[in-house]
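One structure below.
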Amino acid sequence: MELSKNFNPSEVDSKWYQHWVDRGYFHSEPNDKPAYTVVIPPPNVTGVLHMGHCLNNTIQDILVRRARMQGMNPCWVPGTDHASIATEAKVVAMLRERGIAKSSLSRDEFLGYAWEWKEKYGGIILQQLRKMGCSLDWDRTSFTMDPAYYESVIKVFVDLYEKGKIYRGKRMINWDVRAKTALSDEEVIHKEVNGKMYHIRYKLDIPGDEFITIATVRPETIFGDTAICVHPKDDRYKHLVGKFAFVPMINRRIPIIADDYIDIEFGTGALKVTPAHDINDFNLGQKHGLEVIETLNEDGTMNEAAPMYIGKDRLEVRKIIAADLEASGNLVKLEDYVNQVGFSERTDAVVEPRLSLQWWVDMKKLAAPALEAVMSDEIQFHPAKFKNVYRHWMEGIKDWCISRQLWWGHRIPAWYDEEGNVYVAKNEEEVRIKFPATKGKTLTQDADCLDTWFSSWLWPIEVFKGMSNPNNGEINYYYPTSTLVTAPEIIFFWVARMIMAGEEYMGKIPFKDVYFTGIVRDKQGRKMSKSLGNSPDLLGLIDQYGADAVRFGIMIASPAGNDLLFDESTLEQGRNFNSKLWNAAKLLKMWEPRISHEGKLPEDAAFAMDWFQAKLSATQIEVDSMLKEFRLSEALKTIYGLIWDDYCSWYLEWIKPGFEQNIHADVYNRSIDFYDTLLQLLHPFMPFITEELHHALKTQTEDLCVKEYEPISKVDEAVLNAGALLKNVISSLRDARNKNQIKPKEAIDLHIQSAQNDTYKAIQNILAKQINAKSISFTDSAIASSIVVAYEKDKFYLVAEQAINTESLKENLLKDLAHQEGFLASVEKKLSNEKFVQNAKPEVLAVEQKKKADALARIQTIKESLAQL
RNA sequence: GGGAGCAUAGCUCAGUUGGUUUAGAGCACCUCGUUUACACCGAGGGGGUCCGCGGUUCGAACCCGUGUGCUCCCA
């Protein structure tokens, strides 16, 4: 097969992807082999592929492809998440564009539009994953709202309710005024915001014109104040405790109370207490039996509690209230203040604490085994530093608010009768059976949906129908899964809760290893985001560079456990690597017509092959251990170096036949096999080009994608060392040529003075070729008017026609001498230290003595060389 | 405010239980080079007070303390 001049990824990529799918290589069924199961972190059904997905899924594909080539039975399950808030927001926006208001639709009508939208746009992202080469088992594509999945989520709700682990309660929640729904704590993003601290004085209900001043960043909440609280030991206010004050503008009378919760140093030391709109105030209110006055409507506008601002947004009121307080004489001062404000993860609205009746999961009992599983390393986190983060959260865990005031999602299976009694069962029919008392009563189902994560925590179980059809053959074979690859951002949202669900419903952990990827940032270290516009178009990049180059670029820049600073130059490096791979194959194929079966195997070629075999085996072992520790980036770098430097720059040059010369059949075949092995090693990282070249090299009996790795052969250390010596000598001599400005075309005569002539004799042909020497001979004494190069204890004399630049030679030798003498001094210092000689381990001592001997010998060599100049 | 982590070449990172050469790699940079694989290339080279200070030790990039700077998580 003739190779084209250049590698053309666009044709090759789609050809092989289709081929792999057609052959069913990605499809898994339970069998006798060990399972290697990975479930994809299901992207939002609304999602389009971004750099984060690219990194995450490339890593998964590397692990899965490698497992396949190691003879395991890998199963990588694709799918999408219904993403309740995000999707509902998109559907609402789409309807608005069509001029339809959500409020004008019934629930069923709205869901009709939502499904329509999902069928049309949902899953675009899954198509995009194919372009990247992901070896997902498409026959298993799942969705968190598939019918069976939906039933499982409901089943879990009912079960946890019956176990007393789910309850309904009026509590302070995070309210998203844009989506008009409750949020869990994890869905709130805290950001620093420049605001104002308002010092507001409240007139006291005592004779005279006295005031008490409070400080707040949310002045609009004064309408919900039901007390002012001071520290009992605060001398400034002690005398006011038990008295009353008036809320400015509305003149409502509120008590002044004392509690040691108050920080005397903060603000004025007096706190306005608004139990309806702050969690701490709420707790304080509970303790002191304070009234709760709500001031906000669902959409964040003020209600009748603030008569002068009804219908105005609370942030708008914050801007205008200062003037009004000023007018009423209540504003003491305004100062700049930086504080932390919560924003909705999905809508970016400023979150308002709000008292609300919601459904909760009691997390304490669920958390215990899940914490233990990670702390005992039954589940291993990579990098392990995330264990701390996890422990910290799990130990301080709070109950999980799971109800969302949305329609798109799993509807809460709770029914209410007219008196407000609650009945929980999987459907109304079931309620009627379980609760005969409901006979004749009208029941209404809870309007709310469950938090998205209340379904995704079942993902590793339900993709194998482990909830809807417990104990089936697949769940028993594929569960627990092997490795979860995900972003550290969702360690609480998802990872922790999957572990809880796994322990609760399977009695087993859901996965053995969790690999946390870094966050993808731009060159300047900023997180990639839509608003910054610093997120590159991934599909455009794949078109431009090819999927392999993108995979290479993103992996080479992702050190384990660190963030990834995305820079297009690494994709260029990937593309260049593609070219290198392609050209090396072209070179090999060029020799094919000149294969000779006659004659003996040349000695130098035999050495080259032995050396490369040793180097290959040693590197395979290294790569193996790196991958076991999830050091994927380092493994790729190692393979890159093996191919580019050791195979292409050294090995191929060593065995390269002269101009129009033949190549020995053994050498040719061995070189092809080496290359094939290299392609196989690289395949999990760059699947397309390796498959293409695997077939281009020779007629193959199987595809690389499913070709199992051979056992690694033993490393011949002696040959490895001889090769290293050869490389070093070549480099030193080339350096000498360069420094003496000997033209590359000019052949030199080389004289070697060494105690190990046999070593050099075995490699002299290679050496001659690599440094362009027309002759090599061995000598016992110095050669006149030559360039002297000292390497270790050996000396090399280069004889060229050109005049020798004695000065620069001398300079180099002196530099080397200074270095060696400095080194010797440090070694001698150590060895003359009695305590070192007494305390150091014998092997350390031996090493130091050898260092000294070597240094002395080298100094001797350099001095001799200098003397000859 | 509480917690975690990081600081090594211009950049991104390795550096295993403290001793394996006076610290390595890739990219970038500089010099030279178009001999039939590849200029998306080849050969060679330069470049570091291992963040500062103090300590432990015969010996510290590595261990301890402290300061500074940065990042992340939680409230």
Side-chain angles (χ1 to χ4, degrees), chain A residues 3 5-7 185-186 190 263 266 279-280 340 342 383 385-393 396 488-489 491-492 519 521 523 525 527 545 549 556-565 567 569-570 572-591 625-626 629 631 633-634 636-638 640-641 644-645 648-649 652-653 656 658-660 730-739 741 743-745 770-772 818-820 822-827 829-841 843-848 850-852 854-855 858:
Chain A
L3 282 165
K5 187 169 188 306
N6 294 310
F7 172 53
D185 289 344
E186 290 71 32
H190 292 270
D263 177 359
F266 188 86
I279 181 68
N280 297 311
Q340 296 283 322
K385 66 179 177 187
F386 287 110
K387 272 171 83 173
N388 279 333
V389 179
Y390 182 80
R391 180 170 47 87
H392 193 247
W393 187 74
E489 296 157 316
I491 185 169
F492 310 131
I519 295 165
R521 298 174 181 279
K523 247 201 248 183
K527 205 165 158 175
Y545 295 96
I556 205 82
S558 302
N562 283 9
D563 287 352
L564 175 152
L565 294 183
D567 182 346
S569 69
T570 62
E572 252 171 65
Q573 199 188 340
R575 186 197 53 194
N576 296 352
F577 189 34
N578 272 340
S579 296
K580 191 69 183 179
L581 289 163
W582 194 257
N583 284 312
K586 253 166 57 184
L587 177 65
L588 286 167
K589 294 304 281 180
M590 261 177 55
W591 296 336
S625 78
M626 285 170 172
E629 295 167 44
R631 294 155 67 186
S633 180
E634 281 175 74
L636 177 57
K637 272 182 195 163
T638 306
Y640 174 79
W644 198 303
D645 299 329
C648 293
S649 296
L652 286 180
E653 295 300 329
K656 193 185 244 177
F659 187 59
E660 293 192 338
I730 291 169
S731 293
S732 303
L733 297 181
R734 280 173 171 171
D735 182 30
R737 289 187 59 122
N738 244 340
K739 291 223 167 89
Q741 296 175 316
K743 294 257 154 29
K745 277 181 185 162
Q770 292 268 276
I771 63 161
N772 193 15
H819 180 267
Q820 294 299 342
F823 175 63
L824 178 66
S826 79
V827 175
K829 194 180 152 200
K830 243 187 224 181
L831 284 170
S832 61
N833 182 330
E834 268 179 48
K835 286 191 177 166
F836 169 72
V837 179
Q838 279 164 19
N839 296 329
K841 282 179 271 181
E843 57 268 30
V844 172
L845 201 60
V847 167
E848 292 300 321
K850 181 171 187 307
K851 279 200 237 170
K852 183 182 171 181
D854 288 353
R858 265 174 276 144

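All values reported here derive from a predicted model rather than from experimental measurement. So you know, we letter chains A, B, ... as the sequences are listed, proteins then strands, and number each from 1.
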Base versus backbone protein contacts along nucleotides 30-42 of chain B [heavy-atom cut-off under 4.0 Å; B, S, -]: ------BBB-BSS
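Looking at A:Ser649, its side chain does come within 3.5 Å of a backbone N or O of A:Trp644 through a donor-acceptor pair.
Counting heavy atoms from C-beta on, the side chains of A:Leu564 and A:Arg521 never come closer than 4.5 Å. Side chains of A:Leu845 and A:Phe836 form a contact here, defined as non-hydrogen atoms less than 4.5 Å apart.
Between A:Lys739 and B:rG44 there is no side-chain N or O to OP1 or OP2 distance below 4.0 Å. Distances shorter than 4.0 Å separate some side-chain N or O of A:Ser731 from OP1 or OP2 on B:rG44.
The minimum heavy-atom distance between A:Lys5 and A:Asn583, with the atom names listed, is O-OD1, 4.4 Å.
Here the P atom of nucleotide B:rC13 and the CG atom of A:Leu636 are 16 Å apart, to the nearest Å. Per the geometry, CD belonging to A:Glu489 stands 10 Å off P belonging to B:rC74, to the nearest Å. For the pair A:Ile279 CD1 and B:rC74 C1', the interatomic distance rounds to 15 Å; values are reported in whole Å. Rounding to whole angstrom units, OH of residue A:Tyr640 and P of B:rU12 are separated by 19 Å. Atom pair A:Arg734:CZ and B:rG44:C1' shows a separation of 9 Å (rounding to whole Å applied). Summarising the geometry, the separation between CD1 on A:Ile491 and P on B:rG5 is reported as 14 Å, rounded to the nearest angstrom.
Side-chain contact check for A:Arg575 and A:Asn578: no donor-acceptor pair (N or O, by modelled atom type) lies under 3.5 Å.
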Symbol by symbol from the 5' end, with Watson-Crick or G-U pairs under 3.5 Å, [ ] crossing and | another strand, RNA chain B is (((((((..((((.....[....)))).(((((.......))))).....(((((..]....)))))))))))).
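Comparing B:rG52 with B:rG45, their C1' atoms are spaced 33 Å from each other, to the whole Å.
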